[in-house]
2 protein chains.
Amino acid sequence: MARKKYQEIAEHLELLVLSGRLKPGDRLPAERQIMEDFDAGRSSVREALFVLQRQGLLTSRPGAVPRVSVPTAEGIFAELSGPVRHYINRPEGLREMQDARALLEIGLARQAAIVATDADIAALEKALDANRNAKDLEQFFQTDVAFHFQIAKISRNSIFAGLNTAFADWLKNQRVQSADTGTSFEDVVRYHSNIFEAIKNHDPEGAANAMDLHLQDVVKRYWQAVLK
Amino acid sequence: MARKKYQEIAEHLELLVLSGRLKPGDRLPAERQIMEDFDAGRSSVREALFVLQRQGLLTSRPGAVPRVSVPTAEGIFAELSGPVRHYINRPEGLREMQDARALLEIGLARQAAIVATDADIAALEKALDANRNAKDLEQFFQTDVAFHFQIAKISRNSIFAGLNTAFADWLKNQRVQSADTGTSFEDVVRYHSNIFEAIKNHDPEGAANAMDLHLQDVVKRYWQAVLK
DNA sequence: ATTTTAAACTTGTCAGACCAAAAGAAGCGA
DNA sequence: TCGCTTCTTTTGGTCTGACAAGTTTAAAAT
């Protein structure tokens, strides 16, 4: 038996959704029904449903029949949080993750400077002000993430928005550590201001550069804190 | 029962690995043993192992006890292929995915132009030649992907390499469709040459630009093929 | 017609069983 | 003693059956 049974069932059900025969919100057959349809035992059916559920394709509550649901970018990336935690634990893992985030955010800043509308810029300025006026550490973190998220939103691509949120979550620990060095808020806000100004002036290279410097600073402070 | 049983078991086992009590290659207890340890039924244990397995944390073959393994970037992204297929099916899904790939590849090209060593450039040129001399369609696709992969490798970041491979897989369909328009290999090779030259000359902006033009062309041809 | 209540599902979990594949032990031959 | 083959044990993959707990649905009562 080369191909496992649950895979067969999972792929078949997946096709039902992909082909549009089952639309989001529709109710799936009950487990016992699927058992009959595929001539399989309940374990196999359950494992198949389990896979699809973990993929965000369907939600199932006890007592109720499973329903088809739309996978969101956030949900997809959230599923990665487990593996990512381990990946970061590897020797080179964190550095690679930091580089990956940098490539994303720098690219987003560059693009934002190109396509930002007046409304985008206004929203970004609001986020910047909120960050500048943060009263405590927690509020500062929150508005910091919000500022970066606002930049991601300008791309109007939910993948970028989701990735941005995911990175913020994955590297949260880095943020906390870095703050322990006594980094003053003003430094970070100054970087943010530079980024904002470049985007406002529709200067792609300036925005990319400012974001690059910002992230380099964050990474530098983190490693200082760790190695101290 | 708010927290499901398998989650409890999965998290516990995950901790064993993360804390280093179980190192890669080590053998996990058998399912029946875990049943006793956690006072759980076999279904719950299997679901827990299932999650960890899909996260690339352990591999299990029939007849053999599960072993701890190191999650690779490729494995992590491969796990996403299911959800991604659905995501692409959404109205804006494919366009967003194309944009995401563009941001990645352009960023990689830019960085490659900065950090590429002579050995990197030599390897890239070899990949370019292989692409230029491809005899049939399949060979052309393969060397095409290999060329892009070579650029990703220059970053020396396995996340980028894995993402690159994953995108190539996810957007494979696009590649095929686009080829149906009768695109001549020479056009693609010319783009590749431009990218290579820029990287060879350590010209980041030139490399980014060339890659941008290349991908825009690919996307344009794809939509032409689809709408025809 | 609206609310209440009870019956009929459905999932979550457990238990025991069987099969085929893998691993380990025993035996055999050199 | 060492290497190979055979046989037993262990293990994951799957099936069946069962029960508790939650959800739907339909009947019943108001």
Side-chain angles (χ1 to χ4, degrees), chain A residues 1-14 16-17 21-71 75 79 82, chain B residues 1-14 16-17 21-71 75 79 82:
Chain A
M1 190 163 309
R3 189 121 144 278
K4 292 187 190 95
K5 199 106 180 207
Y6 77 86
Q7 283 186 334
E8 212 167 318
I9 302 176
E11 285 171 18
H12 195 112
L13 291 178
E14 194 180 349
L16 285 185
V17 179
R21 314 250 296 235
L22 285 177
K23 280 174 290 185
D26 281 1
R27 309 156 78 130
L28 249 59
E31 291 183 359
R32 282 156 184 87
Q33 183 60 48
I34 303 179
M35 280 175 60
E36 268 189 22
D37 296 347
F38 288 89
D39 190 37
R42 191 141 171 242
S43 354
S44 301
V45 172
R46 274 186 75 48
E47 288 184 357
L49 293 178
F50 197 75
V51 172
L52 299 180
Q53 186 186 340
R54 295 274 315 172
Q55 293 190 350
L57 232 101
L58 48 89
T59 59
S60 83
R61 298 188 315 287
V65 85
R67 295 176 118 84
V68 179
S69 66
V70 204
E79 197 191 341
Chain B
M1 192 164 308
R3 188 121 143 278
K4 296 201 180 73
K5 201 103 179 207
Y6 79 87
Q7 282 186 333
E8 212 168 318
I9 302 175
E11 285 171 18
H12 195 111
L13 292 178
E14 193 180 351
L16 284 186
V17 179
R21 313 247 300 229
L22 285 177
K23 279 176 290 186
D26 281 1
R27 309 156 79 126
L28 250 60
E31 290 183 359
R32 288 160 180 88
Q33 182 61 47
I34 302 180
M35 279 175 61
E36 270 189 20
D37 295 348
F38 288 89
D39 190 37
R42 193 142 169 237
S43 2
S44 301
V45 171
R46 279 192 120 275
E47 288 184 353
L49 292 178
F50 215 78
V51 173
L52 300 180
Q53 186 184 340
R54 286 197 57 85
Q55 291 190 351
L57 232 98
L58 49 90
T59 59
S60 83
R61 300 187 313 289
V65 85
R67 293 177 120 85
V68 180
S69 66
V70 205
E79 193 191 342

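Per chain, numbering begins at 1; letters A, B, ... match sequence-line order.
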S.K.: Please work out which residues in residues 45-56 of chain A have a non-hydrogen atom less than 4.0 Å from an atom of DNA chain C and list them by number.
M.R.: A/Arg46

S.K.: Name every donor-acceptor pair, under 3.5 Å, that has one atom in a side chain of residues 39-49 of chain A and the other anywhere in the protein, sequence neighbours excluded.
M.R.:
unit_1  : atom_1 : unit_2  : atom_2 : d
A/Arg42 : NE     : A/Glu31 : OE1    : 2.7
A/Arg42 : NH2    : A/Glu31 : OE1    : 2.9
A/Arg46 : NH1    : A/Glu31 : OE2    : 2.7
A/Glu47 : OE2    : B/Arg46 : NH1    : 2.4

S.K.: Identify, with sequence neighbours excluded, every residue that meets salt bridge (charged side-chain N to carboxylate O under 4.0 Å, His left out) alongside A/Glu36.
M.R.: none

S.K.: Roughly how far, to the nearest 0.5 Å, is CG of A/Leu16 from CG of A/Leu28?
M.R.: 8.0 Å

S.K.: Find the distance B/Glu36:CD to C/dA15:P and express it as a whole number of Å.
M.R.: 11 Å

S.K.: Using whole Å, what does the distance between atom P of nucleotide C/dT10 and atom CE of A/Met35 come to?
M.R.: 12 Å

S.K.: Whole Å only: how far is the OH atom of B/Tyr6 from the P atom of C/dT13?
M.R.: 9 Å

S.K.: Taking only nitrogen or oxygen atoms into account, show me every contact under 3.5 Å that the protein makes with nucleotides 23-26 of chain C, one pair per line with its distance.
M.R.:
unit_1 : atom_1 : unit_2  : atom_2 : d
C/dA23 : OP1    : B/Arg61 : NH2    : 3.1
C/dG24 : OP1    : B/Arg27 : NH1    : 3.3
C/dG24 : OP1    : B/Arg27 : NH2    : 2.9

S.K.: Would you mind listing every ring-ring contact (aromatic ring centres under 6.0 Å, His included) that reaches into residues 23-69 of chain A, with sequence neighbours excluded?
M.R.: A/His12-A/Phe38, A/Phe50-B/Tyr6

S.K.: Write down the distance between CD1 (B/Ile34) and C1' (C/dC14), rounded to a whole number of angstrom.
M.R.: 16 Å

S.K.: Does OP1 or OP2 of C/dG12 have a side-chain N or O of A/Ser60 closer than 4.0 Å?
M.R.: yes

S.K.: Show the atom names and distances, to 0.1 Å, of all donor-acceptor pairs under 3.5 Å that link a side chain in residues 51-68 of chain A to residues at least two apart or in another chain.
M.R.:
unit_1  : atom_1 : unit_2  : atom_2 : d
A/Gln53 : OE1    : A/Ser60 : OG     : 3.4

S.K.: Both A/Asp39 and B/Leu28 contact DNA chain D. Which one's nearest nucleotide lies toward the 5' end?
M.R.: B/Leu28

S.K.: Sequence neighbours excluded, which residues qualify as side-chain hydrogen bond (donor to acceptor under 3.5 Å, both in side chains) partners of A/Asp37?
M.R.: A/Gln33

S.K.: Atom CD1 of B/Ile9 to atom C1' of C/dC14: distance rounded to whole Å?
M.R.: 12 Å

S.K.: Could you run down the sub-3.5 Å N/O contacts of the protein with nucleotides 17-19 of chain D?
M.R.:
unit_1 : atom_1 : unit_2  : atom_2 : d
D/dA18 : N6     : A/Arg42 : NH1    : 3.1

S.K.: In terms of side-chain heavy atoms of B/Ser44, which of D/dC15, C/dC14, D/dG12 is nearest?
M.R.: C/dC14

